[in-house]
Amino acid sequence: MSENVPNPPAHFIRNRIRQELESGLHDRVVTRFPPEPNGYLHIGHAKSIVLNFAMADEFGGETNLRFDDTNPIKEEQRYVDAIREDVAWLGYQWARECYASDYFPKLYEYALHLIDNGLAYVDSQDADAIRAQRGTLTEPGTPSPHRDRDRAESRDLFERMRAGEFADGAHVLRAKIDMAAPNINMRDPVLYRIRHQRHPRTGDEWCIYPSYDFAHGQSDAIEGITHSLCTLEFEDHRPLYDWLIEHLPVPSKPQQIEFSRLNLDFTVLSKRRLMRLVDEGFVDGWDDPRMPTFAGIRRRGFTPRSIRNFCNEIGVTKSESIIPFGAMERNLRDDLNERAPRRMAVLEPVKVVLTNFTEGETEWFDAANHPQNPELGTRKVPMTREIWIERGDFMEDAPKKFFRLKPGGEVRLRNAFIIRCDEVVKNAAGDVETLHCSFDPESRSGLPGADRKVKGTIHWVSAEHAVEAEVRLYDRLFSVPHPAGDKEHDFVEHINPESLQVIGSARLEPGLENAKPGEHYQFERTGYFVADPDSSTEKPVFNRAVTLRDTWAKLEKQLRG
RNA sequence: UGGGGGAUCGUCUAGUGGUAGGACUACGGACUCUGACUCCGUCAGCGGGGGUUCGAAUCCCUCUCCCCCAGCCA
């Protein structure tokens, strides 16, 4: 992946690793991306994925994909499959696919080690009692009555927990650290709990499962992870992470480094909220193009490269930040601008009759597939007497700065010739129905007369050859920058009612009916589009991934005042 | 109110004693058979108050604000 980032920007983790390598603290970098398979990945995870793979890649190491599957109540195989697909889609190949559950036997041994050394004990109270004894933020906790249970008894109990002799919640294994610690994570945290629950990978082999704190660091150590990169909320867990590594006979000593998670405006990124959007039908599923999930942004038309570039652009720090959604869109434009073939498509059609164009005749024009990259070749587009143009490209009472079609005015038809609007035909309601225009034969593309300057150029599609298609225009899902930050209103109240606009019959240039799902095009002057999985030759469907920058829209807004 | 983090242009981010820099946005202009792209230019910042110093974003003191932690979730 490093070919995409010739000059990776410095950030504190990169700097720190560089120094460690120079000082000889490490001679290689091994990282891991450790999702819990209890939900789908979203754009927030992309930052972590890119960071982890980039660090290993840049410093000659490798990255594992490790599923943190320590809680079988919430985890499912389908999430594992989806996550695997998502990481690969982003463009990364992990060195090893690991599972915390691979280490259950080892972790069990480690637990025994702690018990035998008087560093862990079995507590036989229920969750409520343990909670009550934990103390509060300002008051220390009080020791469990079982805290000084002798090692042999704890060991016996723990072995019987493992053997399945007890019901869920009857006992728990706890580290014996410090009930008065100001850091609540150090107040004898739970290491193992009983869960008679079939595990997606280990089946019924285990009925006790390690907690995150007990599994994560030790898994890192077992895999030889040098840098365990995680988000800020785990900072409080680092003392525990280090404590366990220090007191256990683990094969290596990883270090945890925290960075701030990615936040985007005009969306939500918490699993709970995303779940509600799907469950309550605000979107059409996890892969709805408005969703910030990998499945969603992929279907929306975001490319892996644009996401990677975006992640590199935003940097890595410990300060919390909210990145404008537009930053992601710009990266998409930058990527697609370079490589997406251009096509003409009329979204809101209005008919134009070229009065001096021979009826029944078709003239084929050459059109470049890309204005800056001739390697993308050319194509032929048909011109006929009747064509479609964009309704918004005609204005009857046009302001001075309006460079498109107006009564008596001229405009160039992209790749073809210049036309003049001679007559406006309206229906009974007063809406423009048809425009009668005449074209200038001397101004055909390629001819000397084509050099004549007209201010505007618009796109068009031959009415006879037009391919009818469904086009889905997506906009931000929420109408406020921080939907989750409003304490007065439920975030769903801020859903943008116009986040999806379906155009039933857009008119596309012929050929586009053969677009394969996932193929990107720029519909000139309109935006970047991708063929949806729903698309077929019979009924093409395109999603608008992002609009083009539109300075006219801005100007128009200003003119209106 | 205990503990752990954070605060630099509108946004993101460099800068650990020596002229606060970059990117994005915005704005202005050039170019243009996409009002796109590209190019050029402009605006704009060290949370507040003290102190140390010839000199402070950086060191010291103090205040303020924001985030995280009291799951047998991760």
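Naming convention: chains lettered A, B, ... in sequence-line order (proteins, then strands); numbering from 1 in each chain. Note that the structure is a prediction, hence the values are computed from the model and not measured.
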Is the phosphate of [N], meaning OP1 or OP2, less than 4.0 Å from a side-chain N or O of [X]?
X        : N     : answer
A/Arg193 : B/A74 : yes
A/Thr70  : B/A74 : yes
A/Arg134 : B/G71 : yes
A/Arg131 : B/G71 : yes
A/Lys455 : B/U32 : no
A/Arg525 : B/G35 : yes
A/Lys318 : B/A7  : no
A/Thr551 : B/A36 : yes
A/Thr317 : B/U13 : yes

To the nearest angstrom, how far is [X] atom [atom1] from [N] atom [atom2]?
X        : N     : atom1 : atom2 : value
A/Ile194 : B/C72 : CD1   : C1'   : 10 Å
A/Lys400 : B/G35 : NZ    : C1'   : 17 Å
A/Ile322 : B/U11 : CD1   : C1'   : 10 Å
A/Asp178 : B/G3  : CG    : P     : 14 Å
A/Asn373 : B/U34 : CG    : P     : 16 Å
A/Asn15  : B/G15 : CG    : C1'   : 11 Å
A/Gln256 : B/C68 : CD    : P     : 18 Å
A/Ile323 : B/U25 : CD1   : P     : 14 Å

Looking for any heavy atom pair under 4.0 Å, which part of the strands does [X] touch: base, sugar-phosphate only, or nothing?
X        : value
A/Asn415 : base
A/Arg342 : base
A/Lys554 : sugar-phosphate
A/Pro371 : base
A/Thr136 : base
A/Ile314 : sugar-phosphate
A/Ile418 : nothing
A/Phe402 : base
A/Lys271 : nothing
A/Gln125 : base
A/Arg549 : sugar-phosphate
A/Asp126 : base
A/Thr526 : nothing
A/Gln522 : base

Determine, for A/Phe266 and A/Arg476, whether the Lys NZ or Arg CZ falls below 6.0 Å from the six-membered ring centre while staying within 45 degrees of the axis. yes
Between A/Thr138 and A/Ala553, just flag the one whose closest nucleotide in RNA chain B comes earlier from the 5' side. A/Thr138
Comparing A/Lys74 with A/Arg444, nearest RNA chain B nucleotide closer to 5' gives the residue A/Arg444
Any ion pair linking [Y] and [X] (charged N to carboxylate O, less than 4.0 Å)?
X        : Y        : value
A/Arg414 : A/Glu524 : yes
A/Asp550 : A/Lys554 : no
A/Lys318 : A/Glu235 : yes

Would you mind telling me which of [options] lies closest to the side-chain atoms of [X]?
X        : options             : value
A/Trp552 : B/C72, B/G3, B/G35  : B/G35
A/Ile184 : B/C72, B/C37, B/G2  : B/G2
A/Val190 : B/U11, B/C72, B/C12 : B/C72

Pull out every residue in residues 228-244 of chain A that has a heavy atom closer than 4.0 Å to any atom of RNA chain B, ordered by number, or say none. A/Glu233, A/Phe234, A/Glu235, A/Asp236, A/His237
Please check this pair: side chain of A/Asp335 against backbone of A/Leu332, looking for a donor-acceptor N/O pair closer than 3.5 Å. no
Flag for [Y]-[X]: side-chain donor and acceptor within less than 3.5 Å:
X        : Y        : value
A/Asp69  : A/Ser101 : yes
A/Gln133 : A/Arg147 : no
A/Tyr121 : A/Asp188 : yes
A/Ser219 : A/Arg32  : no

Any-strand Watson-Crick or G-U partner of B/U16, both distances under 3.5 Å: none
When both hydrogen-bonding distances must be under 3.5 Å and the geometry is Watson-Crick or G-U wobble, what is B/G2 paired with, if anything? B/C69
Aromatic-base stack, A/Tyr212 on B/A74, cutoff 5.5 Å, angle under 30: no
Measure distances between side-chain N and O atoms of A/Gln133 and base N and O atoms of B/A70, and say whether any donor-acceptor pair falls under 3.5 Å. no
Starting at OH of A/Tyr192, measure out to OH of A/Tyr108 and round the result to the nearest 0.5 Å. 8.5 Å
What orientation do A/His216 and A/Tyr241 show, parallel under 30°, tilted 30 to 60°, or perpendicular over 60°? tilted
Separation between the C1' atoms of B/U38 and B/U32, rounded to whole Å: 10 Å
Is B/G71 in the syn range, within 90° of 0, or in the anti range? syn
